[in-house]
Novice: 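Attaching a single structure in structure tokens format; questions to follow.
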Amino acid sequence: MKKRVYIKTFGCQMNENDSEKVLILLKEDYIPTDDPEEADLIIVNTCSVREKPQHKVYSEVGRYKPLKKKKNHLLIGIMGCVAQQEGENLIKKLPYVDFVLGTQSFYQIKEVIKQLQKDPKPIVLTELTKEFKPPLLLPEETLPKTTEKVTAFVTIMQGCDNFCSYCIVPYVRGRETSRPPEEIIEEIKRMVELGVREVTLLGQNVNSYGLKEKGYPDFPELLNQISAIEGLWRIRFTTSHPKDLSERMIRIMAENPKICHHIHLPLQAGSNRILKRMNRKYTKEEYLEKVAKLKELIPDIAITTDIIVGFPGETEKDFEETLEMLKTVRYHEIFSFKYSDRPFTTAKNFEDKIPEEEKERRLKLVQELQKTITQEIYQQYVGKEMEVLVEGFSSKSKTQLMGRTTTNVIVNFSSPRLDLKGRLVKILIEEAGKHSLKGTYLKTLK
Ligand code: 5AD
Ligand code: SF4
């Protein structure tokens with residue numbers, strides 16, 4: 001009989017994607033479960049991008065300690081960015097943990113488990129190399145998570161070479177490496193065979209895809225190749241670094257009907273002085289030029305962003321420039337964070353840190369302003385007919401369906417038919433919620 005594996009995933013979509021890869025790697029011996037109590041193997045996939053998610057790791061792993069007493073053979077492992085960052089330290093602090101696998105080492109999970117079954121000594125693998133290439137793992141029909149999906153993530157590149165001064169990613173994910181285009185295409189074709197209609201291409205910096213590798217297409221060319229896949233209807237990607245977003249790329253977004261009209265374009269801060277200290281390599285004027293081009297060529301484009309408040313040395317005036325940028329760009333949604341010190345980063349050693357209460361105050365102001373903007377933007381959808389790709393039931397009710405517009409806005413809708421998962425439908429938008437829209441079904445398009 002197969003054993004059970006429970007994976008708890010924190011952090012970004014890249015981590016979600018890595019957790020799915022683990023399930024594929026373990027498929028011969030383990031089936032996934034949603035209940036840690038019945039698991040024979042528990043894995044916590046961790047995030048260290050900010051202080052808060054990192055703290056969660058210890059309490060999360062701690063919750064499973066009592067289960068070890070009940071089940072002798074239970075294995076507990078930690079993977080992801082905290083695993084990469086802390087390595088052996090995690091075993092020192094949490095001695096009942098059996099393995100710690102870094103962001104490139106988790107591909108060895110099968111061998112690690114075999115070894116632990118022979119000899120229960122904890123295993124820590126955290127090597128990071130420039131030459132690293134992940135193996136090709138095709139989605140499996142035997143895994144429920146894979147076959148039930150209409151939308152899927154595909155990692156096209158890993159790591160980051162940018163070294164923004166606040167960011168730990170280059171240290172825990174290593175240097176940028178792009179996956180071979182043939183493998184990406186093969187993986188997506190397989191997904192489409194399993195019913196996927198929309199893919200989100202993942203990378204810390206997708207716009208620099210293929211630039212370091214000889215003979216690889218660049219990102220716009222990769223998008224063209226992917227869009228030739230029959231049966232794939234929609235393509236999204238994240239994250240775009242503003243400095244690498246070219247006009248050619250914007251044109252391809254505008255012209256290729258499969259590419260969705262949404263871009264996540266992290267601004268981080270609105271003041272040129274702070275952007276410089278963040279090592280972001282663009283000015284606010286350059287950022288606004290790209291936004292203007294996006295809006296000119298793709299009038300219905302939805303732009304979302306990440307904002308950090310209270311970066312070391314951020315004055316009230318600097319902060320107000322961030323607020324100004326929100327008013328000028330008018331983002332659909334923002335993800336906003338209080339600056340926190342991260343290990344290895346240069347900003348950690350900057351003086352003039354901003355007090356916690358002040359960061360809190362600025363965060364609230366940013367979020368309040370954005371709330372109004374999001375509401376105004378969502379209100380503009382009311383009365384419009386929108387194309388929506390149906391992902392399944394709405395999270396709140398089994399009598400309503402849920403899908404997304406090309407602009408990545410969630411739409412919950414009622415419909416005389418509930419068997420529309422995976423179909424492209426037309427919806428009349430009737431109401432705007434805080435982070436979603438409501439509507440009714442008009443017709444099925446595909
Ligand atoms: N403090 C606060 N926010 C951070 N981010 C990254 N590093 C930090 C940090 N040290 C935010 C950035 C990034 C998002 C994923 O997390 O906004 O885009
Ligand atoms: Fe971090 Fe900057 Fe790289 Fe994004 S581009 S992962 S913020 S270093």
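Because only heavy atoms are used, hydrogens play no part in the values below, and waters and symmetry mates are left out as well, while side chains stay in.
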Novice: Looking only at side chains, do D98 and Y96 share a donor and an acceptor under 3.5 Å apart?
Specialist: no

Novice: Going by side chain to side chain contact (heavy atoms under 4.5 Å, CB included), name the residues that satisfy it together with E193, two or more places apart in sequence or in a different chain.
Specialist: R190

Novice: Should T239 and V206 count as side-chain neighbours, where that means a heavy-atom distance under 4.5 Å?
Specialist: no

Novice: Should the pair K338-E356 be classified as a salt bridge under the 4.0 Å nitrogen-to-oxygen rule?
Specialist: yes

Novice: Look up atom CD in E186 and atom CD1 in I229, then write down how far apart they are to the nearest 0.5 Å.
Specialist: 10.5 Å

Novice: Restricting to side chain to side chain contact (heavy atoms under 4.5 Å, CB included), what partner residues turn up for L211, sequence neighbours left out?
Specialist: S208, D218

Novice: Counting only heavy atoms not in K281, do more than 12 sit closer than 6.0 Å to its NZ atom?
Specialist: yes

Novice: Is the shortest heavy-atom distance from the side chain of L26 to the side chain of L41 under 4.5 Å?
Specialist: yes

Novice: Side chain to side chain donor-acceptor pair (under 3.5 Å) with R236: which residues, sequence neighbours excluded?
Specialist: E198

Novice: Evaluate the criterion side-chain contact (heavy atoms from CB on, under 4.5 Å) for residue pair Q84 and R173; output intermediate values, then yes/no.
Specialist: CA-CA 8 Å; Q84 185 64 48; R173 289 264 172 194; over 6 Å; no

Novice: Assess, by modelled atom type and distance only, whether the side chains of S48 and Q85 contain a donor and an acceptor separated by less than 3.5 Å.
Specialist: yes

Novice: Sort and list the pairs that fulfil ring-ring contact (aromatic ring centres under 6.0 Å, His included) and have at least one residue in residues 381-402, not counting sequence neighbours.
Specialist: H332-Y381

Novice: Quick one: do the N45 and D18 side chains pair a donor with an acceptor below 3.5 Å?
Specialist: no

Novice: Give me each pair satisfying ring-ring contact (aromatic ring centres under 6.0 Å, His included) with a member in residues 218-249, each pair once, sequence neighbours excluded.
Specialist: F219-F237, H241-Y282

Novice: Could I get the full list of side chain to side chain donor-acceptor pair (under 3.5 Å) partners for D40, not counting sequence neighbours?
Specialist: H73

Novice: Who are the side chain to side chain contact (heavy atoms under 4.5 Å, CB included) partners of D306, not counting sequence neighbours?
Specialist: H264, P266, Q268, F335, F337

Novice: Near K21 NZ, under 6.0 Å, is it more than 12 heavy atoms from other residues, nucleotides or ligands?
Specialist: yes

Novice: Kindly write out the residues that satisfy salt bridge (charged side-chain N to carboxylate O under 4.0 Å, His left out) with K65, not counting sequence neighbours, or none if the list is empty.
Specialist: none

Novice: Do V425 and K443 have side-chain heavy atoms sitting under 4.5 Å apart?
Specialist: no

Novice: Pairing donors with acceptors under 3.5 angstrom, does anything connect the side chains of K243 and N162?
Specialist: yes

Novice: Tell me every residue that passes side chain to side chain contact (heavy atoms under 4.5 Å, CB included) with A39, counting only those two or more places apart in sequence or in another chain.
Specialist: Y6, T33, I42

Novice: Side-chain donor-acceptor pair under 3.5 Å between H262 and T406, yes or no?
Specialist: no

Novice: Would you be so kind as to tabulate the donor-acceptor pairs closer than 3.5 Å made by side chains of residues 428-438, with sequence neighbours excluded?
Specialist:
unit_1 : atom_1 : unit_2 : atom_2 : d
E430   : OE2    : T440   : OG1    : 3.3
H435   : ND1    : E333   : OE1    : 2.9
H435   : ND1    : E333   : OE2    : 3.3

Novice: I want to check something: taking the side chain as every heavy atom from C-beta on, are L288 and M325 in contact at a cut-off of under 4.5 Å?
Specialist: yes

Novice: How about P242 and E286: do any of their side-chain heavy atoms sit closer than 4.5 Å?
Specialist: no

Novice: Among all residues two or more places apart in sequence or in another chain, which pass the salt bridge (charged side-chain N to carboxylate O under 4.0 Å, His left out) test with K3?
Specialist: none

Novice: Of all residues at least two apart in sequence or in a different chain, which pass the side chain to side chain donor-acceptor pair (under 3.5 Å) check with T444?
Specialist: Y441

Novice: Above 12 or not: heavy atoms from other molecules or residues under 6.0 Å from NZ of K371?
Specialist: no

Novice: Do we see a donor-acceptor contact under 3.5 Å between the side chains of S336 and Q367?
Specialist: yes

Novice: Please determine whether the number of non-hydrogen atoms from other residues, nucleotides or ligands lying under 6.0 Å from atom NZ of K364 exceeds 12.
Specialist: no

